[in-house]
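What's counted below: heavy atoms across the whole structure, side chains too, no hydrogens, waters or symmetry copies. A note on names: the letters A, B, ... follow the listed sequences, proteins ahead of strands, and every chain is numbered from 1.
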There are 2 protein chains.
Amino acid sequence: MATGRTHRPATRSRGIPEATVARLPLYLRALTALSERSVPTVSSEELAAAAGVNSAKLRKDFSYLGSYGTRGVGYDVEYLVYQISRELGLTQDWPVVIVGIGNLGAALANYGGFASRGFRVAALIDADPAMAGKPVAGMPVQHTDDLEKIIDDNGVSIGVIATPAGAAQQVCDRLVAAGVTSILNFAPTVLSVPDGVDVRKVDLSIELQILAFHEQRKAGEESAEAAAVLPPAARAAGEDRKGPDGDVPAVMPA
Amino acid sequence: MATGRTHRPATRSRGIPEATVARLPLYLRALTALSERSVPTVSSEELAAAAGVNSAKLRKDFSYLGSYGTRGVGYDVEYLVYQISRELGLTQDWPVVIVGIGNLGAALANYGGFASRGFRVAALIDADPAMAGKPVAGMPVQHTDDLEKIIDDNGVSIGVIATPAGAAQQVCDRLVAAGVTSILNFAPTVLSVPDGVDVRKVDLSIELQILAFHEQRKAGEESAEAAAVLPPAARAAGEDRKGPDGDVPAVMPA
DNA sequence: CCATCTTTGTGCACGCGTTCACAAAGACAT
DNA sequence: ATGTCTTTGTGAACGCGTGCACAAAGATGG
């Protein structure tokens, strides 16, 4: 408002819209790239383009954090990187546990994106006794029996669930009981948690189904009249009769 | 201006709101579970609880599809499974390619959720010549050189990108040029695509950062005055000097 | 056939998020 | 110092999504 260096702006953290919070990591990534190229300042227009959003939206998003820009110039890259990092809580190190070290869990353990952005994999946990002690991503897998102790010893408040769907709720309950208050769920299940616990889900199957919906719509529009153009699946897979709307519930199981 | 921007895909899709489309897979999953238990009908209230949404929202969502319920009774499970499957385009088989067979790509290839819900992994593609021919999930990895031919031969219209960030845009361009019109992107980059191509992104790092934000807010509220309570990371990790608000942008690289 | 009861389908109001458009703020040149 | 030019920050309008609350529809029992 007045000074450009307001440390504690009137903007309560509660006042930051959820949609804005979800975009902050996007901005941070773009800013970090600029920082590495030693770009000193950036305009809202440029940064918005890099982050793939509207410039007006970006400016409004930043306005919730405070007045960190300079009119006529733009934003100081380093300063903004720091402010967003602080706002997101990345200036501290968050220990996380990954439960369920199957293919996906192992992939997550190896994912570099964790360690590099303020997160640290504190432990890998699996229910299979055969996995215990086996090293994954340079770290021994621990057994589910020790889950509570691991959470407590490491002060973990963020848990990642990569178990099969059937085990997810049970694991979730134990994590919450042990003190975890934020969960990233990769299992295809709806988790129920008490108030005060945040759950975010990543569901590959759902994302694909959404894409399929749009894909079908595109195919349907294109070949609405020009029925000559077969849908992609049928293009090469021989012929798969598919009327504009089927009549027989030939549905496959889950 | 030089950077091509990724405009939002057309929000209007056949009258069905995007938010509703995103929930249909959720309903489908819950319905499939009921179907396996041979439950004949279900009320909006029950189904909503199973899917973790509001019952009014569910009814409104279904109303966009048509009047498939019976007042006083509820919805016929089998019929609804079929209707939603058809709406989502799952009554046909979608061949997908996965590009980038690292840890994540391999995990995706092994993920059962693909094959079981109308999707079929048509090919695994990687740029590393050493990977070529090596079997992953019972399928030989093919080299990037053959990407265009693979897409064309299999009539693929959905591509999954699991490459490092640096390669993602290039892979994306080739996929699009080869005819792919829907992309599921796991690489931490903003992809720019021409109109008519849908991109959905799954970003582990972003999800974690959003959780961290809320986690910090929770911790901040609890220990607003009681500074004695250290943030979780410091609770066990010895001492990690971190003032409540630093002044030096000691930001770590991407 | 009528009354009652259950559950759907939806009109409506409200709140959030997005976008536009512009005044205010500051840099920079003269 | 003053004017011009660039870019931010934001008031306001708009549109979408959500949830309430209820009438309509149909099942069920007498």
Side-chain angles (χ1 to χ4, degrees), chain A residues 1-6 9-24 26-27 31 34 39-77 79-80 83-84 87 210, chain B residues 1 5-24 26-27 31 34 39-77 79-80 83-84 210:
Chain A
M1 199 191 294
T3 55
R5 295 262 321 180
T6 33
T11 56
R12 295 174 301 278
S13 55
R14 194 58 196 154
I16 300 183
E18 191 58 33
T20 295
V21 173
R23 280 188 294 268
L24 289 182
L26 223 52
Y27 302 145
L31 283 164
L34 291 172
V39 176
T41 61
V42 66
S43 71
S44 64
E45 200 69 46
E46 292 166 326
L47 185 54
V53 302
N54 185 296
S55 73
K57 191 186 295 184
L58 179 143
R59 287 198 300 276
K60 178 142 290 193
D61 283 342
F62 285 177
S63 77
Y64 293 116
L65 308 184
S67 290
Y68 293 147
T70 304
R71 298 176 189 228
V73 176
Y75 300 92
D76 181 280
V77 172
Y79 187 58
L80 201 46
Q83 290 299 341
I84 294 179
E87 199 68 52
I210 295 171
Chain B
M1 198 52 123
R5 259 184 325 202
T6 311
H7 269 170
R8 285 248 156 169
T11 324
R12 71 207 181 283
S13 39
R14 196 59 188 127
I16 301 182
E18 190 60 32
T20 295
V21 173
R23 280 188 295 268
L24 290 182
L26 224 51
Y27 301 144
L31 285 164
L34 291 172
V39 176
T41 61
V42 66
S43 71
S44 64
E45 201 70 45
E46 292 167 327
L47 185 54
V53 301
N54 185 295
S55 72
K57 192 187 294 184
L58 178 142
R59 288 197 301 276
K60 178 145 295 191
D61 282 342
F62 285 177
S63 78
Y64 293 116
L65 307 183
S67 290
Y68 294 147
T70 304
R71 298 176 190 227
V73 176
Y75 299 92
D76 182 279
V77 172
Y79 187 59
L80 201 46
Q83 289 299 342
I84 294 179
I210 294 172

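Screening residues 44-66 of chain B for ring-ring contact (aromatic ring centres under 6.0 Å, His included) gives B:Tyr27-B:Phe62, B:Phe62-B:Tyr75 as the qualifying pairs, with residues at least two apart or on separate chains.
In this view, B:Arg59 satisfies the salt bridge (Lys or Arg N to Asp or Glu O under 4.0 Å) rule with no residue, not counting sequence neighbours. Shown here are the side-chain contact (heavy atoms from CB on, under 4.5 Å) partners of B:Ala49, two or more places apart in sequence or in another chain: there are none. Residues satisfying the side-chain hydrogen bond (donor to acceptor under 3.5 Å, both in side chains) test with A:Thr41, not counting sequence neighbours, are none.
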side-chain contact (heavy atoms from CB on, under 4.5 Å) for A:Ile16 and A:Glu87? Distances and angles first, verdict last. CA-CA 10 Å; A:Ile16 300 183; A:Glu87 199 68 52; 3.6 Å; yes
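The nearest whole Å value for the distance from the CZ atom in A:Arg23 to the P atom in C:dC16 is 15 Å.
For B:Tyr64 and D:dC16, the shortest distance from a side-chain N or O to OP1 or OP2 is not below 4.0 Å. One finds a side-chain N or O of B:Ser44 lying less than 4.0 angstrom from the OP1 or OP2 phosphate oxygen of C:dT8.
Among the atoms of the strands shown, only primed sugar atoms or phosphate atoms (P, OP1, OP2) are found under 4.0 Å from some heavy atom of A:Tyr75.
Heavy atoms only, all atoms of each residue included: B:Leu65 and B:Leu24 are closest at CD1-CD2, 4.0 Å.
Residues A:Val53 and A:Arg23 form a side-chain contact, since some pair of their non-hydrogen atoms from C-beta on lies under 4.5 Å apart. For the pair B:Leu47/B:Leu34, a side-chain contact is recorded, criterion being any heavy-atom separation below 4.5 Å from C-beta on.
The residue among B:Glu45 and A:Ala19 whose nearest nucleotide of DNA chain C lies closer to the 5′ end is B:Glu45.
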Would you give a per-nucleotide map of nucleotides 24-30 of chain D, 5' to 3', where B means the base has a protein non-hydrogen atom under 4.0 Å away, S means only the sugar-phosphate does, and - means neither? BB-S---
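The stretch residues 46-61 of chain B comes close to DNA chain C through B:Arg59, B:Lys60, each having a heavy atom under 4.0 Å from the strand.
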